[in-house]
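Proteins come first, then strands; the chains are lettered A, B, ... in the order of their sequence lines, and each starts at number 1. Scope of the values below: all heavy atoms of this structure, side chains included, with no hydrogens, waters or symmetry mates. Worth saying up front: this structure is predicted, and the values here are computed from it rather than measured.
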Amino acid sequence: MPGPLNGTAPGTTADDLPRSWREALPGTSRRGFLAAVGAGSLAALLAACAPGDTKTGSSKPTGPAKRGGTLRVGTPPPPTSVDPVTAYDGSAVALIQLVADYLVWLDKDFGLQPRLATKWKSDKDAKKWTFTLREGVTFSDGAPLDAETVKASFDRLLDPKNKSAALSAFGDILAEGGVTAPDSSTVVFTLKRPYVDFPYLVSAGNYNTVILKKRYKGDFTKPHSAIGTGPFVLTSYDASKGASFVRNKRYWNKGKPYLDGVEVTFYRDEQADVAALQSGDIDTQFLSKAQLVKPLSGSGDVVVDEVKSTNLTLFTLRTDQAPFDKKEVRQAVAYALDRSALRKGIGSDIGQLGNDHLFAPAYPTAPEDIPQRAQDKKKVKDLLKKAGVKHLRFTLTFDEPGKDYAVAVQSQLKESGITVDLDQQPSGKFYGGDQKKDTPWLFAAATLVGYAGRPVPSQLVAPLVTSDAIWNGAKYSNPKVDKAAKAYDATKDEKERAAQARIIAEALHEDVPVIVSYWGGAVRAYNSTRFTGIEAHPSQFVDFSGVSKA
Amino acid sequence: MTRFLLRRLAAIPLTLLVVSALVFTATEVLPGDVARTVLGREADAAAVTDLNRQLGLDQPVLVRYVHWLGDFVSGRWGTSYTRHSDVRTLLLDRLGDSLLLALAAFVLLVPVALGLGLLAGLYRDRLLDRVISGVTLALGAIPEFVTGVVLMVVFSVNLHWLPTSARLSPGEGPVEMLRHFTLPVVSLVLLCTGYVARHVRTGTIAVLEGPYVRAARLRGHSERRIVLRHVLRNATVPATSALGIQLQYLLGGLVVVELLFNYPGVGDLLLRSALDKDLPTLQATAMVLGVLYLLVVLVADVAYRLLDPRVRLGGAVA
């Protein structure tokens, strides 16, 4: 499974820069600081000065696209090196997506779009997948794209030596040696187990799977090594300042991109990034944050595009030890939460309510008729009584991005007489330690962990709630769920898949190893007077090939 | 004077050794794991162990410290763990930018603070003094991130007069640099002026009450000549150490202004490398900033000696 585009704040992806901001100011709490200079004041000031109606929504190019222009983008500097093989943070992934392309693109509605592959099919077991490559595609240096190159790209990701961030996504599905190239335009993937959603694993949804040259040796910050088949070509990169790109004249999609180039500026501080957007110093952002840009929507020229996503803050309860070894206690916590308030207050009023199973409404297979769980204080009381718990008190462990969510949970549960002790840890400690023995994010009694969106639900179900799964912090084990999860991956019949999805969802809803109070959304803000065709993406991915001057 | 200088210069390496040991110890107790930062929280555990071994992080602290110290002294500052780039290039590049901003602020700070302090002292307890003292004191109490944001909202976001970023775009000349630097420099000067001006004001008042000023007045010298020849120089003495302190702050403590005005400098580098446990970068940055600090203190002391003959001649300060 791809990493969660870095440690994630509720409903957001990428960038831990706010942390640096805050830690630069000893003695200033985040809350106080934000109140003083943050979204609050800036946004309020800006909104107060702004005339006009609220403009929210995507802009569709009308009429023939105008050519030319350089799009200026602000983003946090990638915290680690920009290398498609190991990258896991949002800025690095976006920079790579300007230059390199996937076999298949993941569109904003979780659909798959042919890119370097024009079609794909599987055998009847969904174990052998055949992809046909697009004819006439060349890399920006003129080298042609062929099946051997594609094979080399996947071999690179599958070799454990290369420490690819995609390794965990391929997991027990695709291993080294599973990729062959029978002829120059055909690539065959032979899986270890049936997996109906496999095209998602070789799409942008598994964001490390861009197709690179055979001799790629790492480092995507040098123009001579950053060679791809994407819409733009890297011309310069400065780890402190930013990066410049020009239009790829050899791009396979003739006529595109419309832009002459893209100029990326790194902003260490998210407020500075937003101010730059407001003042017109930049035109858009890779990783807009709803809580920062939504208040600016309609003030001046800024427009905020919004999409459903599958980002979530997972509230995990350890099912193998007191007090959460009793199902009723877990259910009580779930019924004590005011989900709408969390979605509104913490989730910036975007996204949809969660129902404690891992099938987001955005997924096509999500079961629709499981009753929505809502706050019910009487039920909380009854459930706790039934479990024989007089006074429920537990410690909630989380790191900085989960802080606001944690405080809200604490005060909501207090209304039902449940005491929550907050244990905020530095991210390094929270995710540190032995991942199999004692790391807090997987071993504390109750935790909050942000996850970036996954393109398919099985990428949440399998690693989070099946027995002994890698990120099963709940230590949940239910043979019924394990079996249904396997069957879901192996069933091509849509009806049968829906049935398996229902089994999983009902079990999770009933057993509550994890609480999903709301699913996040994603936004992208841009200056509508200068450019059109900029859209939000559930995973904040970037496709600027269709962007043109307004 | 020469002996004084030599003695002070000799103490610098010793101080730096202590600094390096402290920084090394401090980073050891910081939570977190370099390899996990580089590879991401969901990276394979074996890959994390493997990378830690590659970076030599499985070695005992003392071994790593001695290795690092040897390398540092011989000019090999290593490669950043997280950025995969040469630490010296990275650091010197950032340092150059930081010094430019710090010096720009300092160059504006000196005349402004001296002028205002002198005026306040000359017009002691009158309206002008009250206004100067009150306003500079108030501004000194407001953190630069507040003044900075206000300035930015007014002059960049609303009026569109000045850019939000202090960073020059490629191909921009000195005029553009002035535009980029105006907001950060002004917010720094607003912050630092009060402290220095207060010292100058106190110095001015003390000098005006001194016997030689009275003597000069009795001799019939013009007020202008008294101020320029006697008051200014003597009132500056107590301000040198205050200016020294502000310069130290400007050289190493601009993290907030650098962040706000998106000016990647050495403060940001120090902060980031500490958060990521990027030891090569952190150590080198701490050492270089240490050297700068010590040099500033030395310069301030030398200036103090040159300005005040009593100290210069080794006599007691009355």
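Salt bridge annotation for B:D97-A:K241: present, with a cationic side-chain nitrogen under 4.0 angstrom from a carboxylate oxygen.
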Side chain to side chain contact (heavy atoms under 4.5 Å, CB included) assessment of B:R167 paired with A:T265: CA-CA 10 Å; B:R167 200 169 50 80; A:T265 302; 2.6 Å; yes

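Taking 4.5 Å as the limit, some side-chain heavy atom of A:K163 sits within range of a side-chain heavy atom of B:Q54. Between B:N262 and A:R268 the shortest side-chain heavy-atom distance falls below 4.5 Å.
Of all heavy-atom pairs between A:S240 and B:L90, the closest is OG-CD1, 4.3 Å. For the residue pair A:S279 and B:S156, the shortest heavy atom distance occurs at CB-O, 3.5 Å.
Highest contact tally toward chain A, considering only B:D50, B:L269, B:D278, is held by B:D50 [criterion: heavy-atom pairs under 4.5 Å].
Counting non-hydrogen atoms of other residues, nucleotides and ligands closer than 6.0 Å to CG of A:D434 gives a total above 12.
The part of A:F266 that comes within reach of chain B is its backbone (N, CA, C, O), which places non-hydrogen atoms under 4.5 angstrom from that chain. Interface remark: B:L51 contributes backbone and side-chain atoms alike to the contact with chain A (heavy atom separation under 4.5 Å).
The closest donor-acceptor contact from the side chain of A:D281 to the backbone of B:T164 lies under 3.5 Å.
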